There are 2 protein chains.
Amino acid sequence: MNSIKYNIAIVDDHPIVIEGLKMLLSPIENISIDVCLNNGTSLFGYNDLSKLDVIFLDVFLPDINGIDLCLKIKKLYPKIVILAMSSQSERSIVMQMIKNGANGYLLKSASLEEFRNCIDLALAGKLAFCNEVQALINQTDINDLKAIPRLTVREKEILTLLKQGKSTQEISDTLFLSFLTVQTHRRNLLHKFQVKNLVELLNFVSDNGVL
Amino acid sequence: MNSIKYNIAIVDDHPIVIEGLKMLLSPIENISIDVCLNNGTSLFGYNDLSKLDVIFLDVFLPDINGIDLCLKIKKLYPKIVILAMSSQSERSIVMQMIKNGANGYLLKSASLEEFRNCIDLALAGKLAFCNEVQALINQTDINDLKAIPRLTVREKEILTLLKQGKSTQEISDTLFLSFLTVQTHRRNLLHKFQVKNLVELLNFVSDNGVL
DNA sequence: ATAAAATTACCTGAAATCAGGTAGCTATTT
DNA sequence: AAATAGCTACCTGATTTCAGGTAATTTTAT
């Protein structure tokens with residue numbers, strides 16, 4: 001056997017999942033698990049990032065949004081195959097992940113056969129989805145028409161505080177901004193998301209994993 | 001070595017987690033993994049249930065609530081050690097699980113060392129928690145002092161609509177009530193839950209599984 | 001049967017949100 | 001150098017929420 005070895009990285013904040021993946025990947029001969037990380041930022045501290053062929057990427061990480069992380073990696077190294085993993089199967093998240101260049105999407109509830117199939121497909125350079133996600137992709141959903149707006153840093157800050165139940169006054173106090181400025185940001189957020197009040201905004205945000 | 005072998009069962013709907021646990025448990029000599037299941041009901045179809053010593057039990061299962069399942073198992077076989085596992089660390093859930101007889105609670109984000117420690121502790125018949133959960137248990141939480149108020153039927157109806165982002169006017173229209181009546185109910189809800197605005201109310205409701 | 005709880009509804013007034021507009025300043029990109 | 005995007009801040013006015021009170025009617029429980 002002189003076949004090329006694929007260099008693999010696993011990024012997941014659940015050590016137990018990393019172990020499971022190792023177990024799953026160990027019988028496959030032409031791969032080597034180079035590095036396992038439990039957060040997103042340390043990936044950029046990894047020296048041999050450019051040498052990686054495949055990254056197993058958890059969508060929900062403690063530090064960085066997996067969706068944004070995927071885009072960052074792909075911008076730097078478009079050739080790296082990214083296989084997204086998560087526990088929940090929210091259509092919008094799957095779609096965003098694919099839009100950001102992910103080569104596949106696996107639910108952690110997928111069977112071992114599905115995992116193996118997806119790994120094979122991904123190594124072969126194809127898009128790979130577990131059954132449940134595949135079904136999700138096939139159905140055309142209404143929520144897709146409503147694109148998820150891109151938020152600025154300030155807007156994210158304010159949105160986070162709104163989520164905690166803070167009032168405009170409290171937000172302006174904590175961020176050292178004018179009351180009127182915060183009002184403007186709130187209005188812009190409602191407008192961007194096409195919703196009519198704060199609760200609808202927060203519902204959309206949590207349903208679509210915006211933050 | 002003629003030490004007694006512990007009979008272990010793993011109940012989790014994520015095959016990858018089962019693999020991870022197998023990997024983790026495999027080096028430990030005095031245990032044998034008897035059965036791995038991906039749902040709760042099939043546990044009762046398992047013939048040698050009474051012979052089990054330890055069950056690793058996922059809290060969120062597709063068919064049965066892990067909290068209820070724990071109680072059922074403990075009623076039938078109080079001697080079986082149950083180690084609960086979940087991804088989220090919600091205090092109320094951890095507390096309920098312990099109340100229902102669980103011998104430990106592990107987050108899937110716990111380190112491998114924490115897993116090993118907890119397994120050792122549990123096998124020794126002690127309560128076992130990962131660090132994060134232990135911290136959760138130690139802190140006397142404000143939410144505990146704040147007892148969950150009992151809601152009337154009407155209040156539940158209105159709360160459900162508020163959760164959907166409906167305004168007072170919309171609620172009064174859908175429930176055929178006066179605008180002023182709905183206002184009164186809203187005020188009563190805010191007062192009952194000791195919160196200052198709608199978002200805080202809805203946060204409390206979803207954090208404590210009120211509805 | 002009577003008490004307690006729930007539901008409905010109103011009044012008043014303060015506070016906050018929502019909606020439209022404008023506008024200066026800064027940083028970044030082309 | 002000019003254009004674009006982001007952040008800041010103000011004005012006005014309508015609408016909604018929040019907070020206090022009272023009170024009649026209906027339902028539920030003892």
Side-chain angles (χ1 to χ4, degrees), chain A residues 64-65 67-68 71-72 74-76 96 99-100 146-207 210-211, chain B residues 146-207 210-211:
Chain A
I64 288 188
N65 189 316
I67 297 166
D68 297 336
L71 192 64
K72 276 190 182 177
K74 277 286 176 177
K75 271 187 181 168
L76 287 170
Q96 281 182 82
K99 198 182 286 176
N100 284 6
K146 212 178 189 176
I148 290 164
R150 198 172 61 82
L151 294 183
T152 68
V153 178
R154 207 36 141 188
E155 285 169 341
K156 278 182 194 170
E157 278 181 319
I158 288 169
L159 196 48
T160 306
L161 293 170
L162 288 171
K163 209 170 151 184
Q164 291 164 20
K166 297 270 192 297
S167 67
T168 301
Q169 187 60 64
E170 288 173 323
I171 294 171
S172 63
D173 287 346
T174 51
L175 295 181
F176 302 107
L177 291 173
S178 159
F179 181 89
L180 297 159
T181 304
V182 179
Q183 269 194 338
T184 303
H185 284 298
R186 287 184 68 144
R187 182 153 30 85
N188 291 341
L189 282 167
L190 291 180
H191 186 251
K192 272 194 179 182
F193 284 91
Q194 310 252 59
V195 290
K196 69 172 196 299
N197 59 40
L198 181 56
V199 177
E200 277 192 356
L201 172 66
L202 296 178
N203 282 343
F204 186 89
V205 166
S206 65
D207 285 349
V210 173
L211 281 177
Chain B
K146 217 181 195 177
I148 292 165
R150 201 173 60 82
L151 294 183
T152 68
V153 179
R154 208 37 142 189
E155 285 170 341
K156 278 182 193 168
E157 279 182 318
I158 287 169
L159 195 48
T160 307
L161 293 170
L162 287 171
K163 209 170 154 186
Q164 291 164 20
K166 298 271 193 295
S167 68
T168 302
Q169 187 60 65
E170 287 173 323
I171 294 171
S172 63
D173 288 345
T174 50
L175 295 182
F176 302 108
L177 291 173
S178 158
F179 181 88
L180 297 160
T181 302
V182 178
Q183 269 194 338
T184 302
H185 284 299
R186 285 185 71 145
R187 182 153 31 85
N188 291 340
L189 281 167
L190 291 180
H191 187 250
K192 273 192 178 182
F193 284 92
Q194 310 252 60
V195 290
K196 69 171 196 300
N197 60 39
L198 181 56
V199 177
E200 277 193 355
L201 172 65
L202 296 178
N203 281 344
F204 186 90
V205 166
S206 65
D207 285 351
V210 174
L211 282 177

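Note that the coordinates shown come from a computational prediction; the quantities given were computed from them, not determined experimentally. Note on naming: letters A, B, ... go to the chains in the order of the sequence lines (proteins, then strands), and numbering restarts at 1 for each one.
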Task: Between P of C:dA6 and NZ of B:K156, the distance in whole Å - done: 11 Å
- [ ] Using heavy atoms to find the nearest nucleotide of DNA chain D for B:K196 and A:N188 separately, return the residue whose nucleotide is more 5′.
- [x] A:N188
Task: Rounded interatomic separation in angstrom, taking CZ from B:R186 and C1' from C:dT8 - done: 17 Å
Open item on the list: Does D:dT8 have OP1 or OP2 under 4.0 Å away from a side-chain N or O of A:T181?
Closed with: no
TODO: Go through residues 164-178 of chain B and report each residue with a non-hydrogen atom lying under 4.0 Å from DNA chain C, sorted by number.
DONE: B:L177, B:S178
- [ ] With the side chain counted from C-beta on, respond yes when A:K156 and A:L159 share a heavy-atom pair under 4.5 Å apart, and no when they do not.
- [x] no
Task: Nearest-Å distance for atom pair CZ/C1', residues A:F179 and C:dA16 - done: 6 Å
Open item on the list: Here's a test for you: under side chain to side chain donor-acceptor pair (under 3.5 Å), which of A:R186, A:H185, A:Q183 qualifies with A:T168?
Closed with: A:R186
Open item on the list: Closest-nucleotide mapping onto DNA chain C: is B:L180 or A:R187 further toward the 5' terminus? I mean the 5' end.
Closed with: B:L180
Open item on the list: Rounded at 0.5 Å granularity, tell me how far CD in B:E155 sits from CG in B:L189.
Closed with: 5.0 Å
Task: Gap between atoms CD and C1', on A:Q183 and D:dC11 respectively (whole Å) - done: 11 Å
Task: For atom CG of A:L198 and atom C1' of C:dA16, their distance in whole Å - done: 11 Å
TODO: Mark yes when over 12 heavy atoms from residues, nucleotides or ligands other than A:K196 sit less than 6.0 Å from its NZ; otherwise mark no.
DONE: yes
- [ ] Starting from P on C:dC10, measure out to NE2 on B:H185 and report it in whole angstrom.
- [x] 13 Å
- [ ] Determine whether B:L190 and B:R187 make a side-chain contact, defined as any pair of heavy atoms from C-beta on separated by less than 4.5 Å.
- [x] no
TODO: Remember a base hit wins even if backbone is also touched, and classify A:E155 as base, sugar-phosphate or nothing at under 4.0 Å, heavy atoms.
DONE: nothing
- [ ] Determine to 10° how strongly the helix from C:dA1-D:dT30 to C:dT30-D:dA1 is bent, judged from the axes of its five-pair ends.
- [x] 60°
Open item on the list: Check this one for me: any side-chain N or O of B:H191 less than 4.0 Å away from OP1 or OP2 of D:dA19?
Closed with: no
Open item on the list: If you compare all heavy atoms of B:K163 against all heavy atoms of A:V199, which two are closest, and at what distance to 0.1 Å?
Closed with: O-CG1, 3.8 Å
Open item on the list: Measure CD/B:Q194 against P/D:dC18 and give the value in whole Å, please.
Closed with: 16 Å
Task: Atom pair CG (A:L161) and OG1 (A:T174), whose distance is rounded to the nearest 0.5 Å - done: 4.5 Å
TODO: Examine D:dG6: is either OP1 or OP2 under 4.0 Å from a nitrogen or oxygen in the side chain of A:R150? Give yes or no.
DONE: yes
Task: Residues, nucleotides or ligands: over 12 heavy atoms within 6.0 Å of A:K72 NZ - done: no
Open item on the list: Less than 4.5 Å apart, side chain to side chain, heavy atoms only: is that true for A:E170 and A:D173?
Closed with: no
Open item on the list: Please check if the number of heavy atoms outside A:K99 that lie under 6.0 Å from its NZ is greater than 12.
Closed with: no
Task: Out of D:dT8, C:dC10, D:dT17, whichever nucleotide has its closest atom nearest the side chain of B:T184 - done: C:dC10
Open item on the list: Check the phosphate of C:dT7 against B:T152, side-chain N and O only, distance under 4.0 Å to OP1 or OP2. Yes or no?
Closed with: yes
Task: Whole-Å distance separating the CG atom of B:L151 from the P atom of C:dA5 - done: 16 Å
